[in-house]
Amino acid sequence: MLHARLIAALGATATVLLSAGALPAQVVQGDTVALPELVVTAERTPTPLAKSIATTTVLKGDDLRAQGLFFVEDALRQVPGAMPVPSGSFGGIASLFLRGGESDYTKVLIDGVAVNQPGGAYNFGTLSIDNVDRIEIVRGPVSVLYGSDAVSGVIQIFTRRGTAGLNASAGSQAGSFGTWTGTLAASGGQGPVSFSGSLSRYRTDGIYEFNSGYRSTIGGGAVTWRPDRRSEVTLTARRDDNTLHFPTDFTGAVVDSNQFSTQQATTLGLDLGRRVGTALELRAHLDSRREVYGSSNQPDSPGDTLDFYSRDVGRSLRRTAGVTANVTLDPRVKLVTGLEGVWEALLEEGSSGAFDQTRHNYGIYGQALLEPAARSVVNLGVRLDDNEKFGSHLTARVGTAYALTRTLRARASVGTSFKEPSLRENYAQGLFERGNPGLDPEQATSWEVGLEQSILAGNGSIAANYFDQRFRDLIQYDGNAAPDQPTYQNVAKATARGVEIIARVRPVAAMTLGASYTYLVTRVDDAGFATGADDIFVEGEPLVRRPKHSARFDARGAVGRVSLGAGLNVVGRRDDVDFRVFPQVRTTLGAYVTVDADAAVDIVRRAPGRPGIAATFRAENLFDRDYETVVGFAGRGRLLTAGARVGW
C-alpha cells in the first residue's frame, strides 16, 4: 500500500512541478566562527538557526579554500565530536566516527543526493571540497527526515550557485610528497538561467617510499532555471575519478609494489519546486548515485608466491525519488511532510565469488515546527519506512529550545534512528561469508541537552552539549557459523555519551579565535559473538579508535594584504586492535598533537576589470609529529605546499 501511494504521489506532484518549475533555493551564509542565519539540513527546510533544535555546525567553502584544504576529511577536524580516522596515505580509506557512533552511522549528502554505499559505508578519504559553497554538519539522530544511515548525524555539502554576471577562478598548489593540485571554477547567470561549475586535478606520490601514489580528477556543476518568481528547476552533477596505489597490507606493513584500487562515481540530482500561494511549497527530487570500483593485487614478480592474489570489481547504484510539502499554517506552525522511495543495487565479482542483488525501501515522514510561546520552539517528527527485507520500521524525535534570556538559549531533544544492513550482510554467498536476509536494522536511541550563550555583544559565543546514544542490534560477523548458515547476526550493543564545549570569539574585526573540546565515553554493553579479551568488541571496554579526549584550537587574522591562519589538533589515547601478531592483541594508541598553518598574500587586489592574484602557503603537521591513526598505519608527515590563485 505504501508503495502504491508513493508512486501515485510522485506522479501527481511531478506533473504539477514540471509545469511551473521550482522555488529559488535559500542561501545559507556562515563560517566556522560566525553562526549562519539559516540552516537547511537540520529540519529539511530553511530554518533560522535560533529556531533549529539540532546541534549544527556550518563550514564555508571560501574559508576552507582560503586554508588551502582539498579534502573534506581535513575540514571535519574543525567540528566538535567528529573524529576522522585515515588509514595510510592521501586518498586512502578514511572513516568518520561522529559522537562515538559507528563509521557507517553518518549520512552524507551532496546537494541532497545520498552518496553512502547501501548500508551506510562511506570513504571520506576521496571526498574533495570542489565547488563547495558550504558544509552543514548535524550531530544527533536525523533518521526521521533522512531514513537509514542518519544515526549519529548528517553531513550535507551544498555546491555553489551562479549569480548575475560572470565569475571565474583558477588556482594551483605544489609541495612535498610530490603533491600538486589544480582547480578551475566559473559561475554566472543571465535572465532566468544561472550556472556554476568546477574542475580539479589532484596528484601525490604519497607518504610511503614506493607504490603510494594517488590521482583524482573531479568535475561538477549546477544549472538553474527560474521561469518565474515562484518556481525553480535545478540540475546538479558531479563526477569523481580516483586511482590509489597502496603498498600496505591489512596490518599496515609496507610489502606490495603494485597493489592499487580505482573508483569512478557519478552523482546526479534534479530538484523541482513550486510555491503555491503563501502557505504551501511543493518540492520533488530525482537522484542517482553510481559507483564503479575495483582493486588489484597481483604477484610483484614471477617468483612472488607469498600473498593472496586477487582482482575484484564492483558496481553500486542508488536511485531515489521523493516529494516534500512545506506547509505554513501560521507563522508559529510549520509542517514538513514527504514521501520517498529508494532503490539500491550492488554487483561484485572477484576472488570470493559473484554477487548481484537489489533492494528497495519506501518511507513517509512528517515533522511539525511549533512556536508555542515567544521564546520557545518545539519540533515533533515521525517516520515510517517499509523495507523489502526487514519490513516496517518506525522512528521518531521530539525537541525543544527556549531562550532563557536575550543571550542564553537552552535545548533538549530525544530521538530514534536506524541503519539498514548492507547488501553484503543481506545477500553475500562467498567462501567465508553468507548473508542473512532476516537481519533487523541497527538501531539507536539518543538524547541531548545543551546551552548556548552569546558574549561580547554578539561577537562571540560559548556552547555546551551533553549527548547520550545507545546502540542495539549491531550486526556482527560470526566466523564460527555452521556451514550454509548465515555469518551475520544482530547481537551487539554499545553506548556512547559525552560533552562538547565550543567557544568562538571575534575580538577585533580582522581576527577570529575558536576552541572546542570533546569528552567521549564509549562502552560495549554486549560483545555478541566476541569472547576474547583482545577482540574488537569486548564487554565493558571502549569502542576502538574513539579517543576519550579531543580538542581543536583555531586562530585566523588579516593584516593589510596578508591573511594568516593556524589550527592545533589534539587527539587523546584510544583503544585499538593489533593484527600484526597472531593471535591479535588489544592495545592503546598514544595521544598526539599536530599543528597546521596557512597564509595568503594579495599580490593584486581584485577590482572591476582587473583580476585578483594571491600567493598561498600551507603547512600540515608543521612540526612533523610522529603518530598512528590506526595500529600499524603511520600518520602523515609534514606537508608543505605553495601556490597561487586568480579570481576575476
Side-chain angles (χ1 to χ4, degrees), residues 9 13 16-17 20-30 34-56 58 112 134 136 138 140 142 144-146 154 156 158 226 228-232 271-285 322-339 364-383 396-415 448-454 458 461 463:
T13 306
V16 173
L17 298 177
L23 180 70
Q26 298 286 344
V27 178
V28 176
Q29 301 295 333
L35 296 176
E37 295 181 357
L38 296 174
V39 291
V40 176
T41 309
E43 311 296 347
R44 203 159 183 165
T45 186
T47 304
L49 188 69
K51 296 181 181 180
S52 177
I53 297 168
T55 305
T56 304
V58 179
R134 70 190 188 278
E136 294 185 1
V138 179
V142 207
V144 160
L145 297 177
Y146 296 100
V154 172
Q156 180 155 205
F158 294 90
R226 297 181 177 90
D228 56 56
R229 295 178 61 185
R230 292 177 174 268
S231 309
E232 178 187 279
D271 185 75
L272 312 97
R274 172 74 176 176
R275 183 170 290 281
V276 181
T278 60
L280 176 63
E281 176 193 8
L282 296 175
R283 303 200 72 89
H285 65 93
V323 296
T324 303
N326 299 321
V327 184
T328 304
L329 301 177
D330 179 271
R332 297 175 299 174
V333 180
K334 297 182 179 180
L335 304 178
V336 179
T337 63
L339 298 168
I364 180 171
Y365 59 89
Q367 178 170 270
L369 304 175
L370 312 173
E371 297 181 52
R375 293 185 174 184
S376 63
V377 181
V378 175
N379 70 8
L380 302 166
V382 65
R383 181 186 182 103
R397 74 170 180 175
V398 58
T400 185
Y402 186 79
L404 301 173
T405 69
R406 292 182 62 186
T407 60
L408 179 61
R409 180 173 181 255
R411 300 179 300 104
S413 63
V414 61
E448 70 173 283
V449 294
L451 288 172
E452 302 168 0
Q453 174 71 60
S454 176
S461 65

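Both backbone and side-chain heavy atoms feed into the values below; hydrogens, waters and symmetry mates do not.
In this structure, L380 CG and L370 CG are separated by 5.5 Å, a value rounded to the nearest 0.5 Å. Here S413 contributes atom OG and R397 contributes atom CZ; the two are 7.5 Å apart, rounded to the nearest 0.5 Å. For the atom pair OG (S461) and CD (Q453), the distance works out to 9.5 Å, reported to the nearest 0.5 Å.
A salt bridge links R332 to D330: at least one charged side-chain nitrogen sits closer than 4.0 Å to a carboxylate oxygen. Of the charged side-chain nitrogens involved, none lies within less than 4.0 Å of a carboxylate oxygen, so that R44 and E281 do not count as a salt-bridged pair. Salt-bridge annotation for R275 and D228: absent, with no side-chain N of the basic residue lying under 4.0 Å from a carboxylate O of the acidic one.
Listed here is the closest heavy atom pair of L282 and A325: CD2-CB, 3.9 Å. Residues L335 and A368 come closest through the heavy atom pair CD2-CB, 3.6 Å. Scanning both residues, A410 and L404, for their nearest heavy atoms gives CB-CD1, 4.1 Å. Counting all heavy atoms, side chain and backbone alike, R411 lies closest to S52 at CD-O, 4.4 Å. Nearest heavy atoms, T324 versus Y365: OG1-OH, 3.0 Å. When all heavy atoms of I53 and E43 are compared, the closest pair comes out as N-OE2, 3.7 Å.
With sequence neighbours excluded, no residue satisfies side-chain hydrogen bond (donor to acceptor under 3.5 Å, both in side chains) with K334. Evaluation of the side-chain hydrogen bond (donor to acceptor under 3.5 Å, both in side chains) rule for Q156 yields T41 as partners, not counting sequence neighbours.
The main-chain N or O of V40 is found under 3.5 Å from a side-chain atom of E136 such that the two form a donor-acceptor pair. R230 places a side-chain N or O within 3.5 Å of a backbone atom of G277 that can act as its donor or acceptor partner.
A heavy-atom distance below 4.5 Å is not found between the side chains of V138 and V39.
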